[in-house]
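Have a look at the structure below before the remarks.
Values reported hereafter were calculated over all heavy atoms of this structure, with side chains retained and with hydrogens, waters and symmetry mates removed. Just so it is clear, the model here is predicted, and its values are computed rather than measured. One is the number of the first residue; the rest follow in order along the sequence.
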Amino acid sequence: MLRITDILDKAQIYLPPDELEMIEKAYIYSATVHQGQVRLSGEPYLTHPMEVAGILTDMKMDSATIISGLLHDTIEDTLTTREQIEQEFGKDVAFLVHGLTKLSRISFASQEERQAENFRKMILAMSSDIRILLVRLADRIHNMRTLQYQTPERRLYIARETLDVYAPLANRLGINWMKMDLEDLAFQYISPNAYKEISTRVAKSNESRNRYTEEVKALIARELEKLSIAGEVEGRAKHLYGIYKKMHEQRINFDEVYDVIAFRIILDSDKEKSCYEALSIVHALWKPIPGRFKDYIAMPKANNYRSLHTAVIGPYGERVEIQIRTREMHEWAEKGIAAHWRYKEGKAFHDSEDNQIKKLREALEIQQDIKNPKEFMSNLKLALFPEEVYVFTPRGDVKSFPKGATPIDFAYSIHTDVGNSCIGARVNRNIVPLRYQLQNGDQVEIITQSGHHPSKDWLKYVVTSRAISKIRNWINAEEKSSSLLLGRDLLDKEFKRNHLKFSSCIKSDEIKKILEEYTLLTVDDLISQVGYGRISARQVANHFIAEGEAREEEKKAEKPKKKSATPSLGISLTGIDDVMVKFAKCCNPIPGDEIAGYISRGRGITVHTQNCVHLKKLDPERIVDVNWDLRQKHAYPVHIKVVCDDRKGVLTEVSSVISSFDVNISFAQVETTDMIATCLFVIDVYDLQQLQSIFSAIRQLKMVRIVERIRKA
C-alpha cells in the first residue's frame, strides 16, 4: 500500500512546506471519514484515494488537485458535505471535489441515463476547471488496475466505457502514457484471449527484438554524432492494444505487424529545424516507405501533439517506424496538458495549452443540449474521435476533422446557419457532392442558399458530433411540429368518438396523472408522443371515459394479448403491448448483445444492437428500451468470418467444428487469395455465450488466423 510519506517525498521536490502540510491534513481527514469502509478486494477503502493522489503527484499536479484526489469520494461515499470540505480546505478544493462527485444518490430510469448524466455533470464542471478531468482520469486508472474484483458484467461495462470515453479523453489532453495504460487495461477484459495471445508473443520475441532495437539505436546515434546533432534515441515495444488494433484494422497476423517497436529521436535542440535535419539523416541511412511520412510539426494534431513520423526499410529488410521530436515536444507527447501545468497564482497557460483546453471544451460542451441519453453518449464518443484530416478554408486557415468528414461537417464548423443553408461545396475549386469525404490538404468553400434546410439523408454521411447534433435538432423540431398537429388531430377524433372534448379534458387534474404515468413534463409532450405513435389516443381517452366503459375498453384491449402472450422472438417490451417485433439484418442481434428497439410506423419494432452504426443515424426520439426474454429459447442467425491459411479441406474442417455444437449452418462459402482462405458462414445460435464457445473452438485450429462476427452493410 502507498504511504503518505511516499506522496510527500515526491511532492516536496516541487511544492512548498505549507502546501505539503495541507496534503497531510487531507490524508488524515480522508482516513477518518472512510474509516471502516473496505473495497471489493477487502483492502481498506483509503488505499484508493491514496493511489489516486499518488498518480497525481507523479504528474506533478498542484496541491489542490492532489488534495482533491485524496478527498474525491468523501461527499459521495461518506456523510461529508461540500461546506465541510470548503471550511477545512478552501473553496478551490471544495469546487473540485463537488465536481468529482457522481450522481449516485439520484434515482434514474436506466444505467445508460445515469452514465450520461454523470458525464454531463463532469463536462459542465470541467468547463470551469480542467483539473476535475485529470483527477477523474487518475481515479479511472486505479479502478482499472483493480477491476478483477468486480463481477464479469461490471468488468466488461467499465472496460468498454474506459475504451470508449476515458482513453480518448486522455488522448485529447495529450497524456499519452495514461491513454496507453487505459487502453491496455480495458483490452485485457474486453478481449482476454487476444490480450493473452499478443502479450505472450511480445514476451517471446523480446530477446531478438531487444538485440535489433539496440543495433538500430546505435546506428542512428552514430550518424547524429557525426553531424554534431545532440539528442538520444529510444526504442520500445508498442503497447498491446496498439498492436491488436493494427492487426484488427489491417487484418494481418502478429508477424506482419512491422512496427511493434517504435523508435524515437529526442533532440536537445529546441529548434524545429533540427527535427528536419535528423529526418534527412534517417532517410540517408535507409530508404523511406512512400506515403508513410507525416509532419505533425507543421500541422499538429488536435491535442497539440507535434512530431515527425517516418517509416523506412531498416536493417535486414525490416520495416521500422521512427518519430523525431525536440525534448519539449516529447514532454508534451507523453504528459500532455499536465506537462506545463500553470495554476499557481500569477501564472497563466501557454497559448498552446489554452487552445488545447478550449478545443476540448468546445468539442464536449456542444453535447449539453442533447437530452436523449443514448444520443448523448453516442455523440460524446464521436466528439473524442482521434483520427483527423486537415483542410483549408478559402482564406488559408487550417481546420481539422475526423476521417470521413464531408463538406457538411465543414459547413457546420463555420456556423449553424451556414450548415443549415448549405446546398453544395467546392473542393480545390471543383464542385463536389455533399457526401464527398475530405482529404488532407483540400481547400473547401461552401455554397449556401437562403431558405434551404437540412435533409435527414445528411445524417448518413456526416461524422462530427456538432453536425449530427445540429441536423438532428432541426429535424426533431420539424418532426415535433408535425407530430403535434397529427397527435392533436388523433386525440380530438378519439375524444369525440367517446363524446368528450379534448380541449376541456386537458384542463382537469386527471391530465397530471397521465403525464406522471408516462414521465412527461407538458401536455405538448403527451400530444407529440401520440403523434409519434408511442402512445395511442385510446390510452389517453380511457382515463376520461366512465369507469365502467373504461373496464370494457381494457377487456377488449386485453383480448389480443391472450392470443400472443408476449412479443415473439424472445424480446420483452416495457409498457408496449401487442406489437410486431423483427430483428435488424444490419447487425443481427443475439441474446447477450446490448439492444435497443426502433419504432417504425406501421412496421412494429426493429431490434438493433446498441452499437449498430445504422441505429445511431436513426431518429433518437423513436428509440425505445427492449430486453431479452430469457424464458424463451430461440435460434438467431449470425454472420461469421474465419480467415485461415489456404489448404485442402479447410471449409470442411471449420464446418465440422461448428457442427459439433449442434447448431445449424444455413450458409457456407470459401474465397481464396494469396494463400489465404476466407470462410463465410451464417449459423443459428441461441446466445452470445454459445457463439463465443464456437469461436474459442475454431481458434484451436492451427491454420486459423482470425475469427470474427461480421455485420451486413
- Item | 4.5 Å side-chain heavy-atom contact, M144 and Q188 | no
- Derivation and outcome, side chain to side chain contact (heavy atoms under 4.5 Å, CB included), residues Q37 and T78: CA-CA 9 Å; Q37 295 180 348; T78 75; 3.9 Å; yes
- Item | Exercise: identify the closest heavy-atom pair between V320 and Y212 | CG2-OH, 3.5 Å
- Message: Run R264 and E232 through salt bridge (charged side-chain N to carboxylate O under 4.0 Å, His left out) and show every step you take.
- Response: CA-CA 8 Å; R264 293 195 190 110; E232 64 176 306; over 6 Å; no
- Return the set of residues passing ring pair (Phe, Tyr, Trp, His ring centres under 6.0 Å) with Y195 (not counting sequence neighbours), or none when no residue passes. F187
- Item | Flag side-chain contact, heavy atom, 4.5 Å: F263 against E321 | no
- Dump the intermediate steps for side-chain hydrogen bond (donor to acceptor under 3.5 Å, both in side chains) on N176 and Y305, then the final yes or no. CA-CA 10 Å; N176 190 50; Y305 172 89; over 6 Å; no
- Within the side chain of D184, is there an N or O that forms a donor-acceptor pair under 3.5 Å with the backbone of L240? yes
- Residue pair V97, D73: steps toward the side chain to side chain contact (heavy atoms under 4.5 Å, CB included) verdict: CA-CA 8 Å; V97 174; D73 281 333; over 6 Å; no
- Sequence neighbours excluded, which residues qualify as side-chain contact (heavy atoms from CB on, under 4.5 Å) partners of K196? T200
- Spacing of L133 atom CG and L100 atom CG [to the nearest 0.5 Å]: 9.5 Å
- What's the shortest heavy-atom distance between T57 and Y14, and which atoms? O-OH, 3.7 Å
- Item | E161 and R140 ion-paired at < 4.0 Å | yes
- Item | Least distance between heavy atoms, S30 atom then P49 atom | OG-CG, 3.9 Å
- Message: Within the structure provided, determine whether L219 and W286 are in side-chain contact (heavy-atom separation under 4.5 Å).
- Response: yes
- Task: Indicate yes or no for a side-chain donor-acceptor contact from T162 to the backbone of I158 under 3.5 Å, with no hydrogens or angles considered.
- Result: yes
- Return yes when atom CD of Q87 has more than 12 non-hydrogen atoms of other residues, nucleotides or ligands closer than 6.0 Å, and no otherwise. no
- Message: Given I265, which partner from the list I229, L308, I324 fulfils the side-chain contact (heavy atoms from CB on, under 4.5 Å) test?
- Response: I324
- Task: Measure up the Y241 and Y244 rings against each other and bin them: parallel (under 30°), tilted (30 to 60°), perpendicular (over 60°).
- Result: tilted
- Query: Given the rule in the side chain to side chain contact (heavy atoms under 4.5 Å, CB included) test, do L163 and I190 qualify, once you have shown the distances and angles that lead to the verdict?
  - Reply: CA-CA 9 Å; L163 198 60; I190 292 171; 3.7 Å; yes
- Item | Side chains of T213 and N210, donor plus acceptor under 3.5 Å | no
- With side chains defined as the heavy atoms from C-beta onward, is the minimum distance between R319 and V312 less than 4.5 Å? no
- Query: Taking only residues two or more places apart in sequence or in another chain, which ones pass side-chain contact (heavy atoms from CB on, under 4.5 Å) with R145?
  - Reply: I55, I141, W177, D181, L185
- Note on the structure: Distance col, row N143:CG vs Q150:CD, nearest 0.5 angstrom, shows 8.0 Å
- Under the side-chain contact (heavy atoms from CB on, under 4.5 Å) rule, collect the residues that match up with E21, sequence neighbours excluded. none
- Message: Could you walk me through whether I85 and T81 satisfy the side chain to side chain contact (heavy atoms under 4.5 Å, CB included) test, starting with their C-alpha distance in whole Å, then the side-chain angles of each, then the deciding distance to 0.1 Å, before giving a yes or no?
- Response: CA-CA 7 Å; I85 297 287; T81 65; over 6 Å; no
- Message: Test of understanding: with ring pair (Phe, Tyr, Trp, His ring centres under 6.0 Å), list the residues that count as partners of H72, not counting sequence neighbours.
- Response: H48
- To the nearest 0.5 angstrom, please state how far the CE atom of M61 sits from the CG atom of L15. 10.5 Å
- Message: Tell me whether the count of non-hydrogen atoms from other residues, nucleotides or ligands lying under 6.0 Å of NZ in K25 goes above 12.
- Response: yes
For residues 274-284, dump all side-chain donor-acceptor pairs below 3.5 Å to protein atoms at least two apart in sequence or in another chain.
residue: S274; atom: OG; partner: K271; partner atom: O; Å: 2.6
residue: Y276; atom: OH; partner: D295; partner atom: OD1; Å: 3.2
residue: Y276; atom: OH; partner: D295; partner atom: OD2; Å: 2.9
residue: S280; atom: OG; partner: E277; partner atom: O; Å: 2.6
residue: H283; atom: NE2; partner: T310; partner atom: OG1; Å: 2.8

- Note on the structure: Of all heavy-atom pairs linking R136 and Y166, the shortest is CG-CE2, 3.5 Å
- Any side-chain heavy atom of D77 sitting closer than 4.5 Å to one from Y45? yes
- Within a radius of less than 6.0 Å around CD of E215, do more than 12 heavy atoms belonging to other residues, nucleotides or ligands occur? yes
- Task: Enter the distance from I75:CD1 to E83:CD here, rounded to the nearest 0.5 Å.
- Result: 8.0 Å
- Answer yes when E331 and R327 have at least one side-chain N-carboxylate O distance shorter than 4.0 Å, and no when they do not. no
- Task: Write down the atom of L70, the atom of I23, and the distance for their closest heavy-atom approach.
- Result: CD1-O, 3.6 Å
- Any chance the side chains of T326 and E328 put a donor and an acceptor closer than 3.5 Å? no
- So, for L56 and G69, which heavy atoms are closest and what is the spacing to 0.1 Å? CD1-CA, 3.9 Å
- Message: When you compare the side chains of Q323 and R325, does any donor N or O come within less than 3.5 Å of an acceptor on the partner?
- Response: yes
- Message: Using the rule given for side-chain hydrogen bond (donor to acceptor under 3.5 Å, both in side chains), can you reason through Y29 versus E24, listing the C-alpha separation, both sets of side-chain angles and the distance that settles it, and then say yes or no?
- Response: CA-CA 9 Å; Y29 190 95; E24 190 168 10; over 6 Å; no
- S191 (side chain) donor-acceptor with A194 (main chain) under 3.5 angstrom: no
- Query: Is a side-chain N or O of T32 found less than 3.5 angstrom from the main chain of I28, in a donor-acceptor match?
  - Reply: yes
- Query: Rounded to the nearest 0.5 Å, how far apart are OG1 of T74 and CD of E76?
  - Reply: 9.5 Å
- Query: Do NZ/NE/NH1/NH2 and the carboxylate oxygens of K217 and E234 come within less than 4.0 Å?
  - Reply: no
- Message: Could you check whether any side-chain heavy atom of K399 comes within less than 4.5 Å of a side-chain heavy atom of S413, counting everything from C-beta outward?
- Response: yes
- Query: Below 4.5 Å, heavy atoms only, C-beta onward: do E86 and F95 meet side chain to side chain?
  - Reply: no
- Message: Are the side chains of Y296 and M329 in contact, using a 4.5 Å heavy-atom criterion?
- Response: no
- Side chains of Y27 and R3: donor-acceptor distance under 3.5 Å anywhere? no
- Answer with yes or no after comparing the ring centroid distance for F293 and H309 against a 6.0 Å cut-off, counting only values under it. no
- Approximate separation, where rounding is to 0.5 Å, of I198 CD1 and I243 CD1: 6.5 Å
- Less than 4.0 Å between a side-chain N and a carboxylate O, is that true for R222 and E225? no
- Verdict with reasoning, T146 to R39, per side-chain hydrogen bond (donor to acceptor under 3.5 Å, both in side chains): CA-CA 10 Å; T146 55; R39 304 197 82 212; 3.2 Å; yes
